[in-house]
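Report on the following structure.
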Protein chains: 2
Amino acid sequence: MAIFSKTCEYAIRAVFYIAHKTANGGRVGIKDIATGIDSPELYLAKILQDLSRKGLISSFKGPNGGFFIEPALLNKPLSEIVEAVDGDSLFYGCALGLKQCSEINPCPLHNDFKAIRDKIHLLLSTTTIGEFNSELMNGLFSLKK
Amino acid sequence: MAIFSKTCEYAIRAVFYIAHKTANGGRVGIKDIATGIDSPELYLAKILQDLSRKGLISSFKGPNGGFFIEPALLNKPLSEIVEAVDGDSLFYGCALGLKQCSEINPCPLHNDFKAIRDKIHLLLSTTTIGEFNSELMNGLFSLKK
DNA sequence: ACAATAAAAGACAAAAATATCTTTTATTAT
DNA sequence: ATAATAAAAGATATTTTTGTCTTTTATTGT
């Protein structure tokens with residue numbers, strides 16, 4: 001099992017792609033994005049529709065249309081994308097899937113995994129959508145298989 | 001998304017259950033285990049068959065039969081259960097699902113997630129199957145929803 | 001207005017994960 | 001030997017995730 005669902009992997013990669021491609025204005029089409037991150041175009045379209053509905057990215061139809069990210073939203077934490085797609089169980093859920101797991105009724109792994117979840121949460125809360133833009137423009141980071 | 005698959009959650013809970021129930025000899029039946037960890041009995045049976053084939057737990061058929069764990073195996077790290085069920089992508093895989101992600105061709109999250117994966121791996125490698133036995137016997141830890 | 005473009009929406013399909021049912025095999029006790 | 005027990009094995013069913021296809025809607029340029 002991976003940390004994120006496949007849907008979420010595509011979502012994050014797409015958001016990074018859109019962010020750095022439209023940081024200085026303009027829009028980027030679904031074909032371009034799908035190629036840029038190596039993902040199935042029509043499936044990705046569904047994912048982006050969802051993120052768009054939730055206001056995490058923006059889009060316009062028609063010629064010169066496409067997806068983009070409002071400059072102000074480049075400061076949003078990546079955790080919002082993850083939460084929108086995969087929910088918050090990665091941040092708050094019990095590792096062993098116990099609904100009632102808590103400090104007062106812990107599973108054997110409760111304390112250790114709480115620490116790990118907190119680290120993941122902190123990382124994704126302090127990482128922003130736009131912070132890799134310059135490295136992505138310079139080709140220092142990859143978004144493709 | 002949770003950290004582990006549902007199958008793996010059941011597997012870990014079952015292994016903890018079997019470990020503490022058979023630490024002093026004896027065997028425990030599938031019905032008992034399924035009740036003890038709140039899991040679907042027949043599905044759990046499949047999971048335990050698999051762990052048994054892989055030598056992580058043992059079993060006997062017939063009257064007085066059931067599952068148990070060889071005392072020597074109580075020192076095995078939990079990571080072996082996880083790896084047997086969910087594979088090792090939690091320990092080594094790229095957070096964004098990139099096959100080619102590495103130090104020399106990193107995804108934007110590579111370094112941060114490498115640190116997290118290492119923590120998870122270390123935790124599961126240093127946690128043993130049997131180390132919660134006494135707390136489980138005392139009811140200090142829960143394995144049920 | 002009209003044609004072209006590109007995302008949105010809705011329906012559908014395939015694959016994987018989760019769950020259940022039935023039959024077989026090994027073991028034990030009578 | 002036989003009956004009872006309990007896991008192993010194989011087949012099937014359901015649900016969720018992932019992926020695709022088709023139609024509709026909004027926007028732009030002519």
Side-chain angles (χ1 to χ4, degrees), chain A residues 1-14 17-18 21-22 26-35 37-69 84-87 89 96-97 145, chain B residues 1-14 17-18 21-22 26-35 37-69 82 84-87 89-90 96-97 145:
Chain A
M1 277 263 299
I3 286 265
F4 302 125
S5 69
K6 227 162 192 353
T7 305
C8 193
E9 291 174 357
Y10 292 148
I12 296 173
R13 278 151 62 193
Y17 189 85
I18 299 169
K21 280 280 182 173
T22 67
R27 296 156 194 176
V28 55
I30 186 71
K31 276 196 209 331
D32 184 346
I33 305 169
T35 305
I37 70 168
D38 251 340
S39 77
E41 180 187 328
L42 293 166
Y43 188 54
L44 182 64
K46 289 295 176 196
I47 300 170
L48 296 188
Q49 277 167 35
D50 182 45
L51 293 181
S52 182
R53 253 182 263 113
K54 289 172 175 161
L56 295 167
I57 63 177
S58 309
S59 70
F60 271 105
K61 295 179 182 178
N64 304 321
F67 296 88
F68 63 101
I69 292 177
V85 178
D86 277 354
S89 60
L96 301 188
K145 300 175 198 165
Chain B
M1 276 264 298
I3 286 264
F4 303 125
S5 68
K6 226 161 192 350
T7 304
C8 193
E9 291 174 356
Y10 293 148
I12 296 173
R13 278 152 59 195
Y17 189 86
I18 299 168
K21 280 280 183 175
T22 67
R27 296 155 194 176
V28 55
I30 186 71
K31 275 194 208 331
D32 183 347
I33 305 169
T35 304
I37 70 167
D38 252 340
S39 77
E41 179 186 329
L42 294 166
Y43 187 55
L44 182 63
K46 288 297 177 196
I47 300 170
L48 296 188
Q49 276 168 35
D50 182 46
L51 293 181
S52 181
R53 253 183 263 113
K54 289 172 176 160
L56 295 168
I57 64 177
S58 309
S59 71
F60 271 105
K61 294 180 183 178
N64 305 320
F67 295 90
F68 63 102
I69 292 178
V82 171
V85 178
D86 276 353
S89 60
L90 186 61
L96 301 187
K145 298 176 198 162

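Reminder, nothing fancy here: chain letters follow the sequence lines and each chain counts from 1.
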Check whether any side-chain N or O of [X] sits under 4.0 Å from OP1 or OP2 of [N], and answer yes or no.
X	N	answer
B:Ser52	D:dA7	no
A:Asn64	C:dT5	no
B:Arg27	D:dA7	no
B:Thr7	C:dA17	no
B:Ser59	D:dA6	no

To the nearest angstrom, how far is [X] atom [atom1] from [N] atom [atom2]?
X	N	atom1	atom2	result
B:Gln49	C:dA26	CD	C1'	14 Å
A:Phe4	D:dT18	CZ	C1'	18 Å
A:Glu9	D:dT17	CD	P	14 Å
B:Met1	D:dT16	CE	P	16 Å
A:Ile47	C:dA9	CD1	P	15 Å
B:Leu42	D:dG10	CG	C1'	13 Å
A:Lys31	C:dA6	NZ	C1'	9 Å
B:Asp50	C:dA17	CG	P	13 Å

query: Counting any heavy atom closer than 4.0 Å, what does B:Tyr43 reach on the DNA or RNA strands: base, sugar-phosphate only, or nothing?
result: base
query: How would you label the contact of B:Leu48 with the nucleic acid (heavy atoms, under 4.0 Å): base, sugar-phosphate, or nothing?
result: nothing
Is any side-chain heavy atom of [X] less than 4.5 Å from a side-chain heavy atom of [Y]?
X	Y	result
B:Cys8	B:Val82	yes
A:Arg27	A:Lys21	no
A:Val85	A:Ser5	yes
A:Thr22	A:Phe67	no

Nearest to the side chain of [X] - [options]?
X	options	result
B:Lys6	C:dT18, D:dG19, D:dA4	C:dT18
B:Arg53	D:dT5, D:dA8, D:dA9	D:dA9
A:Lys61	D:dT25, C:dT20, D:dG19	D:dT25
A:Pro63	C:dT5, D:dG19, C:dT20	C:dT5

task: Measure from the side-chain N and O atoms of B:Arg13 to the backbone N and O of A:Leu96, and report whether any donor-acceptor pair falls under 3.5 Å.
output: yes
message: If the threshold is 4.0 Å, N to carboxylate O, is there a salt bridge linking A:Asp50 and A:Lys46?
response: no
query: Nearest nucleotide by nearest heavy atom, which residue falls closer to the 5' end of DNA chain D, B:Gly62 or A:Gly62?
result: B:Gly62
- request: Check whether the side chain of B:Lys46 and the base of D:dG10 form a donor-acceptor pair under 3.5 Å.
  value: yes
